Amino acid sequence: YNIYSSRQSGHPDCCTAQYLKILKTSKQIITMKITVSVNIGGSSFNVDEDAYSELKRYLKNLEIHFADEESASEILADIESRISELFRQKLTTFKQVITIDDVNEVTAILGSPEDISDNKGPSAGDKFSAPGAHRMYRDTDHRVIGGVCAGMGAYWNIEPWIIRIIIVALTMTGGLGILIYLILYIVLPEAKTTAQKIEMKGDPVNIHNIKESVKKEFDAVRKNMKL
C-alpha cells in the first residue's frame, strides 16, 4: 500500500530504494546459518552447521580407521591438535566462524583414511611425498644436553654426533662453540608436539605421518619399559 501510494504521489525512486533495502535485509536474515561451539585439540571454535556435520563425519571415519591401533587415542589426539592449529590460522579479527570451506581445506591438507588404506593406487608414501613446513627445533627426545645438536641433525638429515663434534671443535678453538650453542638453545623452541617433530624433518603434517610418528614413539616407550 505504501509503495502504491508513493508512486501516486510522485516519489517512486525513494520508494523503490526502500523496497530493495527491505528485500536485501530479508535475504540476509534468511541465509543466516546456525553455529555450533566445539572443543577440539583443547581449543574452542564456533563452527557453522554444515562445517560441523562434515567435521564430525571426518573424525568418525578416522576413529573407525584407527580403531585397531594400540596407540589409537594418541593418534587421534594429535590429529585433533593439528586440526585445531589449522583452524586457528583460518580465524581473523573479522572472521570468527569456521566454515565448510575451511573444513574442506583442512581435511585436504591432512588427508583422508582412504588415502592411506587404498591398495589399488600409489602407496601412502607416494601420496604424502610433498614437502611440508621445514622448521628447526630442539630435539629433546635425542638430546645429550639441550637437544640443539639433535635438532640441527634432524633438520639437515645428518647424524647429531657430526654437529656435536663441530661444536666441541669450535669450543676448543676459542670457546666460540659454547656461545653458539647457548644462542641456539635460547632461540630454538623445543619440539614438543607431534606436528613440530614432523616439521623438524621437513615432512608434511598429515594423518599418515602423524600415525607413523606416534607409533614410533609408542614402540620406543614400550621398548624402554620392556613391555
Side-chain angles (χ1 to χ4, degrees), residues 40-44 66 69-92 105-106 109-111 116 124-227:
I40 184 165
S43 299
S44 181
F66 293 118
E69 296 286 346
E70 288 183 301
S71 53
S73 59
E74 290 81 4
I75 293 172
L76 292 172
D78 283 330
I79 291 174
E80 288 189 7
S81 294
R82 179 58 175 165
I83 292 174
S84 175
E85 179 185 343
L86 293 172
F87 276 177
R88 286 195 297 270
Q89 294 175 9
K90 300 291 182 182
L91 300 179
T92 66
E105 288 177 13
V106 167
I109 291 172
L110 291 173
I116 58 176
D126 293 335
K127 289 182 179 181
F128 294 104
S129 59
H134 202 179
R135 298 185 177 94
M136 189 178 289
Y137 294 93
R138 287 187 291 111
D139 184 5
T140 53
D141 291 341
H142 304 94
R143 67 182 176 183
V144 172
I145 301 176
V148 172
C149 297
M152 294 172 70
Y155 182 84
W156 285 312
N157 194 27
I158 59 176
E159 292 295 331
W161 62 264
I162 297 176
I163 307 294
R164 293 182 182 119
I165 289 176
I166 295 173
I167 293 294
V168 171
L170 291 173
T171 300
M172 295 177 66
T173 57
L176 184 60
I178 295 177
L179 179 61
I180 293 174
Y181 190 94
L182 289 175
I183 292 173
L184 291 175
Y185 182 83
I186 295 171
V187 171
L188 296 180
E190 177 186 350
K192 295 181 179 179
T193 67
T194 299
Q196 290 172 339
K197 293 173 184 178
I198 294 172
E199 288 177 341
M200 183 169 58
K201 299 176 181 178
D203 296 327
V205 185
N206 50 49
I207 60 174
H208 170 72
N209 289 330
I210 289 174
K211 170 191 171 184
E212 294 301 316
S213 180
V214 171
K215 285 182 67 176
K216 286 180 181 178
E217 290 185 13
F218 189 81
D219 291 341
V221 171
R222 184 167 56 183
K223 183 179 179 180
N224 291 335
M225 297 180 67
K226 297 180 180 180
L227 297 178

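Quick caveat: nothing in here was measured; it's all calculated off a predicted structure.
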Between [X] and [Y], what is the shortest heavy-atom contact and its length?
X: Arg82; Y: Ala195; answer: CD-CB, 4.5 Å
X: Ile109; Y: Asn206; answer: O-CB, 3.7 Å
X: Tyr185; Y: Gly146; answer: CE1-CA, 3.8 Å
X: Gly111; Y: Ile207; answer: O-CD1, 3.5 Å
X: Lys211; Y: Glu69; answer: CE-OE2, 3.4 Å
X: Asn209; Y: Pro204; answer: ND2-O, 2.7 Å

At what distance, to the nearest 0.5 angstrom, does [atom1] of [X] lie from [atom2] of [Y]?
X: Leu76; Y: Ile83; atom1: CG; atom2: CD1; result: 9.5 Å
X: His134; Y: Asp203; atom1: NE2; atom2: CG; result: 8.0 Å
X: Ile163; Y: Trp156; atom1: CD1; atom2: CH2; result: 5.5 Å
X: Asp139; Y: Leu188; atom1: CG; atom2: CG; result: 11.5 Å
X: Leu86; Y: Ile40; atom1: CG; atom2: CD1; result: 10.0 Å
X: Tyr137; Y: Gln196; atom1: OH; atom2: CD; result: 4.5 Å

Give a yes or no on whether the backbone of [Y] and the side-chain of [X] come within a donor-acceptor separation of less than 3.5 Å.
X: Ser81; Y: Ala77; result: yes
X: Glu217; Y: Val214; result: no
X: Arg143; Y: Ala150; result: no
X: Ser213; Y: Ile210; result: no

Item checked: Option passing side chain to side chain contact (heavy atoms under 4.5 Å, CB included) with Val148 (candidates Met136, Arg138, Arg164) -> Arg138

Margin query: Name the residue from Leu184, Ile178, Leu179 that meets the side chain to side chain contact (heavy atoms under 4.5 Å, CB included) definition with Leu182.
Written below: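 One option only clears the test, and that one is Ile178.
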
Pairing of [X] and [Y] as salt bridge, 4.0 angstrom limit:
X: Glu105; Y: Lys90; result: yes
X: Asp141; Y: Lys197; result: yes
X: Arg88; Y: Glu85; result: no

Check: So is Arg135 actually on top of Tyr155's ring, under 6.0 Å and inside 45° of the axis?
Finding: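 Because its charged atom misses either the 6.0 Å distance or the 45° angle limit, Arg135 does not stack over Tyr155.
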
Check: Can you check whether Leu170 reaches Tyr181 side chain to side chain, under 4.5 Å on heavy atoms?
Finding: no

